[in-house]
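These figures come from a predicted structure and were not determined experimentally.
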Amino acid sequence: MSVSFYPNAPWVALRIVCGVFFLPHALGKFTQPRAAMGFFVAAGFRPAVPFVYLAFAIEVVLAGLLLGGIMVREAAVGSTVYLLVAAAAVVKVERKWLWHLGGCEYPFFWGLCCAILAASYPG
């Protein structure tokens, strides 16, 4: 079947991708706790432990909302804000743009995708 029979398919795909990408971020806070704590300390989030748990909770909630198609616009706006804060924290710590060098390019791009989703989701 042609995608024209499913005009919302690209938006649903973007919603799912934006949601799925939160899962490894959330999991990473527990599989690499020293790295997570170190990053939060370097970014100036003190005390770091509550911020790591808060970030985990936010990521799980946003992933669930986006994956479930629940309050998509609100979740996408929240995701945009969250990811722009993450990008700013990466800039503060790493002072780099390119993601493969530890820079903020990845969370910025992902946040931009969430902003596009928030602005145009057809639901």
Side-chain angles (χ1 to χ4, degrees):
M1 290 189 127
S2 170
V3 96
S4 64
F5 289 106
Y6 304 99
N8 295 339
W11 300 118
V12 171
L14 182 59
R15 172 180 61 80
I16 290 170
V17 167
C18 287
V20 165
F21 280 27
F22 276 111
L23 299 177
H25 264 253
L27 183 61
K29 305 227 175 355
F30 292 98
T31 59
Q32 299 294 321
R34 287 185 186 178
M37 295 295 172
F39 177 81
F40 276 74
V41 168
F45 294 102
R46 289 187 178 74
V49 172
F51 280 106
V52 171
Y53 286 118
L54 177 62
F56 171 79
I58 290 170
E59 291 167 356
V60 168
V61 168
L62 291 172
L65 291 172
L66 290 170
L67 290 171
I70 304 164
M71 297 173 42
V72 173
R73 282 198 177 97
E74 294 84 352
V77 168
S79 297
T80 301
V81 171
Y82 179 81
L83 290 163
L84 292 179
V85 169
V90 171
V91 167
K92 182 177 180 183
V93 173
E94 299 293 336
R95 302 212 185 277
K96 297 175 186 163
W97 171 254
L98 298 175
W99 70 270
H100 64 285
L101 299 176
C104 69
E105 173 189 17
Y106 174 69
F108 182 78
F109 171 77
W110 183 11
L112 183 59
C113 290
C114 290
I116 291 167
L117 186 64
S120 59
Y121 192 74

**OP:** Please report the closest heavy-atom contact between F21 and W110, naming both atoms and the distance.
**Re:** O-CH2, 3.2 Å

Original post:
Given side chains that start at C-beta, do those of S79 and F22 come closer than 4.5 Å, heavy atoms only?
Top reply: yes

**OP:** Look at the side-chain heavy atoms of Ile, Leu, Val, Met, Phe, Trp and Tyr, link any pair under 4.5 Å apart, and say whether V77 and V85 land in one connected group.
**Re:** no

Subject >> Note, V12 side chain near Y121 side chain (heavy atom, < 4.5 Å) >> reply: yes

**OP:** Check the surroundings of atom CZ in R34: do more than 12 heavy atoms from other residues, nucleotides or ligands lie under 6.0 Å from it?
**Re:** no

Original post:
Which pair of heavy atoms, one from C113 and one from C18, lies closest together, and at what distance?
Top reply: CB-SG, 3.9 Å

Original post:
NE2 of H25 to OH of Y82: how many Å apart, nearest 0.5 Å?
Top reply: 8.0 Å

Original post:
Taking C-beta and beyond as the side chain, do F108 and L83 meet within less than 4.5 Å on heavy atoms?
Top reply: no

Original post:
Is L27 linked to L62 within one hydrophobic cluster, defined over Ile, Leu, Val, Met, Phe, Trp and Tyr using a side-chain heavy-atom separation of less than 4.5 Å?
Top reply: no

Original post:
Got a sec, which hydrophobics cluster with F109, joining ILVMFWY side chains under 4.5 Å apart, including via others?
Top reply: none

Original post:
What closest approach, in Å, do L23 and A63 show between heavy atoms, and which atom pair accounts for it?
Top reply: CD2-CB, 3.8 Å

Subject >> Minimum heavy-atom distance between A76 and L66, given as atom pair plus value >> reply: N-CD2, 4.1 Å

**OP:** Taking R15 for its side chain and L67 for its backbone only, find out whether a donor-acceptor pair lies under 3.5 Å.
**Re:** yes

Subject >> Beyond-backbone contact of F39 with V52, side-chain heavy atoms, under 4.5 angstrom >> reply: no

Original post:
Other hydrophobic cluster members with V61, side-chain heavy atoms of Ile/Leu/Val/Met/Phe/Trp/Tyr under 4.5 Å, chained?
Top reply: L65, I70, M71

**OP:** Please report the closest heavy-atom contact between C104 and V91, naming both atoms and the distance.
**Re:** SG-CG2, 3.4 Å

Original post:
W11 and V72: same hydrophobic cluster, using ILVMFWY side-chain contacts below 4.5 Å?
Top reply: yes

Original post:
Cluster question for you: counting only ILVMFWY and a side-chain heavy-atom cut-off of under 4.5 Å, with indirect links fine, are V20 and I116 together?
Top reply: yes

Subject >> K29 side chain reached by F40 side chain, heavy atoms, under 4.5 Å >> reply: yes

Original post:
What's the shortest heavy-atom distance between T80 and A115, and which atoms?
Top reply: OG1-N, 3.0 Å

**OP:** Could you tell me the separation between the CG atom of L84 and the CG atom of L112, rounded to the nearest 0.5 Å?
**Re:** 8.5 Å

